[in-house]
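Only this structure's heavy atoms are used, side chains among them; waters, hydrogens and symmetry mates stay out.
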Amino acid sequence: FDPSRFEANDSFSGKGRGNELLISAYVASLVPQLIRKASAVLQSADLARNVAISFVESFGHDIIIAAQKHVEFMLSPACIGWDLSLCERSACDSLRLIHSPMKRSAVLRRCVTTLENSSECDTDYERHAMVLSLYHTNLSLVVAKDPAIRGMDGSAHEDELELIGRRRDALAILSSYFQGEQKIHRPPFPMFFKPLHVPFCVERGNVENPPFDILGVSGDHDQTGSTFDPLQPLHDFLCFHMDETSAKVLSPLTIPLGLPHGSLHVRCLVERFRRSKEGQATLP
């Protein structure tokens with residue numbers, strides 16, 4: 001905290017709306033750090049939120065700033081190792097302080113993108129499931145009744161809802177199989193889908209099935225190129241651990257991934273043929 005930012009001789013000082021905005025931006029920039037430090041010192045998510053609320057109120061700002069940043073912290077990779085039920089409960093308590101469904105969804109969308117861009121928890125299916133569930137629930141409210149999108153084309157929000165629904169369906173299938181002894185083989189979940197548009201795209205057409213080569217590619221694959229392979233995260237598992245039973249259990253995964261039925265079985269056979277050519281496996 002730098003008190004000089006508020007002094008008369010500081011570059012932030014002066015009169016007018018511009019100065020107020022600069023000070024507001026500085027105060028808001030301190031909130032995430034305050035929440036992180038307070039959580040570590042106080043060992044309480046709720047107390048950390050209360051401290052952040054008192055801080056923004058002391059500068060005459062809306063408590064929504066503290067609530068938004070607290071939600072983002074509780075659902076971020078920074079809370080790896082915390083009890084998930086505690087994170088969800090505390091985040092929901094903060095979400096209740098944000099009365100607009102549109103604003104709640106915007107905060108939760110940032111949480112989704114932050115989580116998907118983090119390699120620290122790409123196999124933490126439970127954390128992904130929690131954040132996606134919260135976003136899906138709030139986005140459903142936006143699509144259903146938020147007056148902020150009346151008069152707008154709500155199709156973009158409906159497309160987004162479908163994208164999140166696909167992620168949740170895929171995650172449910174993956175979680176049901178990759179548990180117990182199979183948990184160590186979990187593929188990174190974010191790699192199954194193209195990243196969400198940032199910022200949110202208000203035009204129709206967010207749901208798309210990108211070009212897909214059912215035969216796949218060997219070795220590393222560039223998921224940011226002109227083609228996208230949703231099955232690439234399963235490459236190592238297909239090569240070394242896949243069997244007929246696994247293929248049957250995971251075959252419904254093609255539906256939320258937007259792939260032709262049977263794609264997973266075909267890919268499994270392709271990998272078996274490749275490995276047999278290299279002398280690492282018998283022919284199927």
Side-chain angles (χ1 to χ4, degrees), residues 1-14 16-124 126-128 130-135 138 190 195-200:
F1 181 74
D2 183 6
S4 67
R5 297 288 186 114
F6 305 91
E7 293 177 359
N9 61 350
D10 192 81
S11 58
F12 270 31
S13 65
R17 178 64 175 167
N19 177 65
E20 293 178 3
L21 292 175
L22 287 174
I23 293 178
S24 295
Y26 175 62
V27 171
S29 71
L30 295 174
V31 176
Q33 302 174 58
L34 175 62
I35 292 173
R36 186 178 296 107
K37 294 290 186 180
S39 298
V41 172
L42 300 175
Q43 296 292 305
S44 170
D46 294 340
L47 288 178
R49 178 181 56 244
N50 294 339
V51 169
I53 289 175
S54 297
F55 177 75
V56 297
E57 283 186 322
S58 67
F59 289 98
H61 295 304
D62 195 320
I63 64 171
I64 191 175
I65 298 174
Q68 289 174 335
K69 298 305 179 183
H70 188 256
V71 171
E72 291 179 37
F73 173 74
M74 295 307 303
L75 302 183
S76 73
C79 290
I80 292 176
W82 290 36
D83 181 78
L84 273 180
S85 60
L86 181 150
C87 292
E88 182 176 13
R89 179 190 61 75
S90 187
C92 287
D93 288 343
S94 294
L95 283 170
R96 294 187 187 98
L97 301 176
I98 307 172
H99 301 299
S100 166
M102 182 75 83
K103 291 182 178 179
R104 286 199 301 268
S105 292
V107 173
L108 290 168
R109 191 179 200 271
R110 290 198 294 271
C111 295
V112 170
T113 56
T114 297
L115 205 58
E116 291 189 346
N117 288 328
S118 171
S119 59
E120 298 178 76
C121 46
D122 53 10
T123 60
D124 190 347
E126 293 75 21
R127 188 174 303 274
H128 279 278
M130 175 187 69
V131 177
L132 287 171
S133 176
L134 289 172
Y135 181 39
N138 281 272
L196 295 175
H197 289 285
V198 178
F200 178 74

Test item: [X] side-chain N/O and [Y] main-chain N/O as donor-acceptor pair under 3.5 Å:
X      : Y      : answer
Ser133 : Met130 : no
Thr113 : Arg110 : yes
His128 : Glu116 : no
Thr114 : Cys111 : no

Between [atom1] of [X] and [atom2] of [Y], what distance do you get to the nearest 0.5 Å?
X      : Y      : atom1 : atom2 : result
Arg104 : Gln68  : CZ    : CD    : 11.5 Å
Phe59  : Ile65  : CZ    : CD1   : 11.5 Å
Ser90  : Asp46  : OG    : CG    : 4.5 Å
Leu132 : Arg127 : CG    : CZ    : 12.5 Å
Leu134 : Arg109 : CG    : CZ    : 16.0 Å
Leu86  : Cys79  : CG    : SG    : 9.0 Å

key: Residues which pass side-chain hydrogen bond (donor to acceptor under 3.5 Å, both in side chains) with Ser94, listed by chain and number, not counting sequence neighbours   =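 Counting only residues at least two positions away or on another chain, Ser94 forms a side-chain hydrogen bond (donor to acceptor under 3.5 Å, both in side chains) with Arg49, His70.
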Is there a side-chain contact between [X] and [Y], using heavy atoms and a 4.5 Å cut-off?
X      : Y      : answer
Leu108 : Leu95  : yes
Ile53  : Leu97  : yes
Pro190 : Asn117 : no

Can you give me every donor-acceptor pair (side chain of residues 29-42, partner residue at least two apart or in another chain, under 3.5 Å) with its distance?
residue, atom, partner, partner atom, Å
Ser29, OG, Tyr26, O, 2.6
Gln33, NE2, Ser29, O, 3.4
Ser39, OG, Ile35, O, 2.7

task = Would you name the heavy atoms of Asp62 and Val56 that are closest together and state the gap between them?
result = O-CG2, 4.0 Å
